Number of protein chains: 2
Amino acid sequence: MRIGEAAEASGVSAKMIRHYEAVGLLPAAARRDSGYRDYGEGDVHALRFIRRARDLGFSLAEIAGLLALWGDRNRASAEVKRVALAHVEALEAKARDLSAMAATLRHLAAHCHGDARPDCPILEELAGGR
Amino acid sequence: MRIGEAAEASGVSAKMIRHYEAVGLLPAAARRDSGYRDYGEGDVHALRFIRRARDLGFSLAEIAGLLALWGDRNRASAEVKRVALAHVEALEAKARDLSAMAATLRHLAAHCHGDARPDCPILEELAGGR
DNA sequence: ATGGTGCTTCCCATCATGGGAAGGTCAAGG
DNA sequence: CCTTGACCTTCCCATGATGGGAAGCACCAT
């Protein structure tokens, strides 16, 4: 199938499919005489794999590792688990950071009148009001 | 003071100070005869304001708005509060997304033996194993 | 005057993604 | 047979915030 159909079938845009090939995440696709890229079911599976991994927040570098593990029948599941849990830690840390920012800001906003008056603890805090 | 001292005093790198000026977040700094940028206390206050806003996850575009509000003595605090709460929503949404990813992945990892055997529900899920 | 430190501008890289231009390919229909 | 339109190709540029590094100028202490 052509790249547009592979994109449709996998949920990865044609633009990104070409990009993944360019950065070496995917092997160079087969070509028709016309020069068009030609994909099979196996390629679509790999693309779906990548999309799901992206949906779980893995970077392309991490996905490259996961693809290698996926393709290695003798891999130890311990290795996969290690990569996954390291990523979980990173996700949770980032989530905590964002939640902390949100909490701080929500606290400041709670003390802001939010009316026509100009005084506002949010700006005062940003300006270094302590 | 020169840019290095302003960077030291504000916690914003010299590189970023120049960048903020280049993108219009800050007015062009005063210059000495030598061509060196010259900063005063007011500039350092603005830089600290930016750094604190960045620490709370505001984008440079949002900060531009906050700086304008900060400099407007007649602003209504309602406006500031509105911007802040919209940002809180965005932060919380992003935190939820990350937490959801982490939870999904942690769940998958919990069902992965994590030993020398090759079978692994994490890869199976990514491969679309349902 | 010399060395070292700090400043200047300019270009490049990151990471994942998309927009868009210029031009080639192919199938359907007049 | 030729046109039209949808699809493909490559290549360049942009995003957002930050940093690295090079080439060259300014300044200060020795």
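A, B, ... follow the sequence lines: proteins, then strands. Residue 1 opens every chain. From a predicted model like this one, the values you see are computed outputs, not experimental measurements.
Atom CZ of A/R51 is separated from atom P of C/dA16 by 17 Å (rounded to the nearest Å). Atom-to-atom, CD of B/E5 to C1' of D/dC27 comes out at 13 Å; the value is rounded to the nearest Å. Whole-Å rounding puts the B/I17 CD1 to C/dT8 C1' distance at 14 Å. As a whole-Å value, the separation of B/K15 NZ from D/dG19 P is 9 Å. The CD-C1' distance, from A/E62 to C/dA16, rounds to 13 Å in whole Å. Per the geometry, CZ belonging to A/R2 stands 14 Å off C1' belonging to C/dG24, to the nearest Å. Distance B/H19 NE2 to D/dG21 P: 19 Å, rounded to the nearest Å. Computed from coordinates, the A/F58 CZ to C/dA16 P distance equals 13 Å when rounded to whole Å.
The only option from A/R31, A/R2, A/M1, A/R32 that meets the side chain to side chain contact (heavy atoms under 4.5 Å, CB included) definition with A/R37 turns out to be A/R31.
Contacts of A/Y20 with the nucleic acid, taken as non-hydrogen atoms under 4.0 Å apart, involve only primed sugar atoms and P, OP1 or OP2.
Ion pair B/R54/B/E62 not flagged as a salt bridge, since none of the NZ, NE, NH1 or NH2 atoms sits closer than 4.0 Å to an Asp/Glu carboxylate oxygen.
In terms of heavy-atom proximity, B/R52 sits nearest to A/A127 at NH1-C, 3.6 Å. The two residues B/W70 and B/R75 make their nearest non-hydrogen contact at O-NH1, 3.3 Å.
Shown for residues 22-38 of chain B: residues whose heavy atoms fall under 4.0 angstrom of DNA chain C, namely B/R31, B/G35, B/Y36, B/R37.
In the displayed structure, A/E5 atom CD is contacted under 6.0 Å by more than 12 heavy atoms of other residues, nucleotides or ligands.
The shortest distance between the side-chain N/O atoms of A/R54 and the OP1/OP2 oxygens of C/dT17 is below 4.0 Å.
For B/D72, there are no salt bridge (Lys or Arg N to Asp or Glu O under 4.0 Å) partners, not counting sequence neighbours.
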